[in-house]
**Student:** 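A single structure is presented below for examination.
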Amino acid sequence: MLNIFIYNREKDRAVSLKKKCIAHLEETGKKSEVVKDFSDSTELYTAISSCDKISLYMLKKDNVLKKISGCIREINDMSYIVLILNRPEEMLESVTPAARPSGILLDNPDDQRLGAVLDEIYADYARLPGVSEINNFYSFRIRGIDYKVQFCRMVMIEVQSKKITIRTESQIFEFYDSLETVMKNSPDYFIRVHRSFVVNTNFIKMVNYSEKTIYMNDGSTVFFSRTYSNTIKEYLRNTLKENFF
């Protein structure tokens with residue numbers, strides 16, 4: 001899960017952007033360990049220095065931007081930086097090798113533009129190899145034996161009543177639990193496509209909307225219901241996935 005740090009010397013602007021980010025994350029079901037706003041650059045430096053994991057920094061352009069960006073890159077070069085500008089003309093002078101922004105917003109962005117930037121960053125983050133997420137494993141017990149399976153290895157999850165079936169490319173696990181519990185701990189790239197099925201979108205090879213069929217990379221197929229058709233289209237469109245018809 002991403003930490004999100006917001007910096008703007010105008011405290012009310014920082015707080016406003018924080019609220020918008022939280023609202024979008026809740027609406028789309030994305031996860032974040034913390035969404036924190038800063039109006040003091042010294043406090044931000046402290047936060048950057050104490051967090052060496054990949055994070056998202058949304059920074060308002062000011063005279064310490066270059067220094068902040070350099071600090072971020074020194075701690076974790078893979079972190080995401082989104083620049084917040086007063087006007088589009090500031091873009092050329094703000095995009096530097098240190099900043100390498102993953103997105104650019106104007107101050108007080110509208111919900112649609114902010115959501116698009118967040119969705120794109122979260123989709124890229126989900127595809128990073130070796131990303132260490134708190135919920136990277138799901139733990140369960142089968143006949144007295146404890147198992148832990150990485151979410152990134154799961155192709156799909158099926159539920160029938162209270163029986164959960166997890167399918168990886170090489171194994172099948174069956175145990176009793178609720179789908180709500182599994183989904184609560186799953187990464188953002190898991191989406192529900194049917195009352196009985198959840199798929200790992202990173203394994204999707206192709207979608208046939210006329211036949212309501214999802215083809216997975218391991219050769220399996222999943223039928224999706226009309227109820228979730230728009231959800232699937234929207235997710236795949238936002239994550240810029242290709243080879244769907």
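This structure is a prediction, so every number in the text was calculated from the model and none was measured.
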**Student:** What pairs with D218 under side chain to side chain donor-acceptor pair (under 3.5 Å), at least two apart in sequence or on another chain?
**Tutor:**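 Applying side chain to side chain donor-acceptor pair (under 3.5 Å) to D218 gives S220.
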**Student:** Side chains of residues 144-159: which donor-acceptor pairs under 3.5 Å do they make with residues two or more places apart or in other chains?
**Tutor:**
residue: D146; atom: OD1; partner: R141; partner atom: NE; Å: 2.8
residue: D146; atom: OD1; partner: R141; partner atom: NH2; Å: 3.2
residue: D146; atom: OD2; partner: R141; partner atom: NH2; Å: 3.2
residue: R153; atom: NH2; partner: Q171; partner atom: OE1; Å: 3.1
residue: E158; atom: OE1; partner: R167; partner atom: NH2; Å: 3.4

**Student:** Who pairs with A47 by side chain to side chain contact (heavy atoms under 4.5 Å, CB included), at least two apart in sequence or on another chain?
**Tutor:**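 Per chain and number, A47 pairs via side chain to side chain contact (heavy atoms under 4.5 Å, CB included) with F5, F38.
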**Student:** I want to check something: taking the side chain as every heavy atom from C-beta on, are L59 and S69 in contact at a cut-off of under 4.5 Å?
**Tutor:** yes
**Student:** Check ring pair (Phe, Tyr, Trp, His ring centres under 6.0 Å) between Y80 and all other residues, then give those that pass, not counting sequence neighbours.
**Tutor:** none
**Student:** Taking side chain to side chain contact (heavy atoms under 4.5 Å, CB included) as the test, write out the residues that go with N63, two or more places apart.
**Tutor:** R9
**Student:** Who pairs with T181 by side chain to side chain contact (heavy atoms under 4.5 Å, CB included), at least two apart in sequence or on another chain?
**Tutor:** Y138, D177, S178, N185
**Student:** Please list, chain by chain and in numerical order, all residues satisfying ring pair (Phe, Tyr, Trp, His ring centres under 6.0 Å) with H24, sequence neighbours excluded.
**Tutor:**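 Per chain and number, H24 pairs via ring pair (Phe, Tyr, Trp, His ring centres under 6.0 Å) with no residue.
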**Student:** Can you name the residues that form a salt bridge (Lys or Arg N to Asp or Glu O under 4.0 Å) with D110, not counting sequence neighbours?
**Tutor:**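 D110: no salt bridge (Lys or Arg N to Asp or Glu O under 4.0 Å) contacts found.
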**Student:** Looking at side-chain heavy atoms only, is the closest gap between K60 and D62 below 4.5 Å?
**Tutor:**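 A side-chain contact under 4.5 Å is absent here.
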**Student:** Does E169 have any salt bridge (Lys or Arg N to Asp or Glu O under 4.0 Å) partners at least two apart in sequence or in another chain, and if so, which?
**Tutor:** none
**Student:** Listing request: all salt bridge (Lys or Arg N to Asp or Glu O under 4.0 Å) pairs with a residue in residues 16-29, at least two apart in sequence or in separate chains.
**Tutor:**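 The answer is K18-D37.
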**Student:** Pair up each side-chain donor or acceptor in residues 221-228 with any protein partner under 3.5 Å, not counting sequence neighbours, and list the distances.
**Tutor:**
none

**Student:** Report the residues that fulfil side chain to side chain contact (heavy atoms under 4.5 Å, CB included) with R195, sequence neighbours left out, ordered by chain and then residue number.
**Tutor:** R192
